[in-house]
> 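Got a structure here, written out as structure tokens. Questions coming.
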Amino acid sequence: MAVRLGGSRRSGGDDDLVEAHEINVTPFIDVMLVLLIIFMVAAPLATVDLGVDLPASTVEPQPRPEQPVFVTLKPDLSVAVGEEVIAREALPGSLDAATKGQKDERIYLRADKAVSYGELMAVMNLLRDAGYLKIALVGLDGRSE
């Protein structure tokens with residue numbers, strides 16, 4: 001609240017102070033400009049998409065195995081090893097037979113689009129519990145369409 005000082009004194013000894021009814025908005029504008037600058041600087045830093053120019057790799061691609069082991073999760077949530085549909089409880093035994101007991105062999109996991117993420121993770125957990133830690137997810141190459 002602003003008070004106007006000065007002027008003449010009245011004879012009764014009362015000071016007649018008059019209130020000024022204006023609001024000083026200069027500090028408010030200064031704060032708003034500082035906040036605007038902060039948000040203008042911080043907004044580009046909050047983006048997730050980063051342009052990164054990755055270097056080319058000189059490593060030869062790994063050859064595909066002659067007989068890859070495919071585990072397929074069908075839309076009806078049945079599991080197949082190769083072309084044979086099996087029960088989920090029989091998955092470790094079927095994988096041991098398909099890989100000849102080699103737990104370090106890569107398992108190629110493919111699932112239908114209609115299968116939920118939770119069901120896919122359940123099958124991956126079964127593979128992990130069976131000792132198969134090298135799992136490759138199979139998908140269609142989007143560039144070929």
Side-chain angles (χ1 to χ4, degrees), residues 1-8 14-145:
M1 177 164 59
V3 177
R4 201 176 293 173
L5 298 176
S8 65
D14 279 338
D15 288 337
D16 189 20
L17 300 176
V18 179
E19 290 183 15
H21 296 285
E22 302 106 22
I23 296 174
N24 188 1
V25 295
T26 304
F28 178 71
I29 292 172
D30 290 343
V31 169
M32 293 305 292
L33 286 175
V34 168
L35 287 174
L36 177 68
I37 291 170
I38 289 172
F39 284 117
M40 287 173 55
V41 169
L45 299 176
T47 59
V48 177
D49 188 24
L50 298 175
V52 178
D53 187 20
L54 296 174
S57 175
T58 58
V59 177
E60 291 292 323
Q62 292 183 355
R64 291 187 179 177
E66 302 244 347
Q67 294 294 325
V69 178
F70 285 101
V71 174
T72 306
L73 186 57
K74 295 185 176 190
D76 61 354
L77 302 181
S78 61
V79 178
V81 175
E83 300 296 324
E84 180 184 347
V85 178
I86 60 166
R88 288 191 185 205
E89 297 80 27
L91 183 63
S94 296
L95 285 175
D96 288 340
T99 61
K100 298 177 183 71
Q102 296 178 356
K103 302 279 187 183
D104 62 338
E105 187 169 338
R106 187 171 309 276
I107 305 298
Y108 292 90
L109 178 61
R110 55 187 174 186
D112 193 88
K113 284 183 186 180
V115 174
S116 70
Y117 180 73
E119 292 295 330
L120 181 67
M121 289 303 298
V123 172
M124 289 180 72
N125 286 335
L126 286 173
L127 292 172
R128 185 192 63 203
D129 292 342
Y132 294 95
L133 302 178
K134 293 184 177 181
I135 302 170
L137 298 177
V138 178
L140 292 177
D141 188 5
R143 297 173 290 172
S144 63
E145 295 177 3

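Every heavy atom of this structure was used, including side-chain atoms; hydrogens, water molecules and symmetry mates were not. Just so it is clear, the model here is predicted, and its values are computed rather than measured.
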> Kindly write out the residues that satisfy salt bridge (charged side-chain N to carboxylate O under 4.0 Å, His left out) with R128, not counting sequence neighbours, or none if the list is empty.
none

> If you define the side chain from C-beta out and look only at heavy atoms, does anything of R88 sit under 4.5 Å from L73?
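SC-SC contact between R88 and L73 confirmed.
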
> Around atom CD1 of I23, are there more than 12 heavy atoms of other residues, nucleotides or ligands at under 6.0 Å?
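12 or below, so no.
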
> How long is the straight-line distance from CD1 of I135 back to CE of M124, given to the nearest 0.5 Å?
4.5 Å

> Nearest 0.5 angstrom please: L109 CG to T72 OG1, how far?
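Result: 8.0 Å between the selected atoms.
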
> Between the main-chain N or O of A90 and the side-chain N or O of S94, is there a donor-acceptor pair closer than 3.5 Å?
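Confirmed, S94 side chain pairs with A90 backbone.
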
> Starting at CG of N125, measure out to CG of L120 and round the result to the nearest 0.5 Å.
10.0 Å

> What's the spacing between M121 CE and L127 CG if we round to 0.5 Å?
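The distance works out to 10.5 Å.
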
> Roughly how far, to the nearest 0.5 Å, is CG of L35 from CG of D30?
11.0 Å

> Over all heavy atoms of both residues, which pair between G82 and R110 is shortest? Give the atoms and the distance, please.
O-NH2, 4.3 Å

> Does any non-hydrogen side-chain atom of L126 lie less than 4.5 Å from one of Y132?
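Y132 does not reach L126 side chain to side chain.
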
> Please confirm whether the backbone N or O of A130 pairs with a side-chain atom of K103, one donor and one acceptor, at under 3.5 Å?
yes

> Give, for atom CD of E105 and atom OG1 of T99, the distance between the pair rounded to the nearest 0.5 Å.
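E105 atom CD to T99 atom OG1 measures 5.5 Å (nearest 0.5 Å).
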
> D112 and A114: which non-hydrogen atoms are nearest, and at how many Å?
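Answer, listing the atom of D112 first, then A114: OD2-N, 2.9 Å.
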
> Nearest heavy-atom pair of K74 and V85: which atoms, and what distance?
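Heavy atoms of K74 and V85 come nearest at NZ-CG2, 3.6 Å.
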
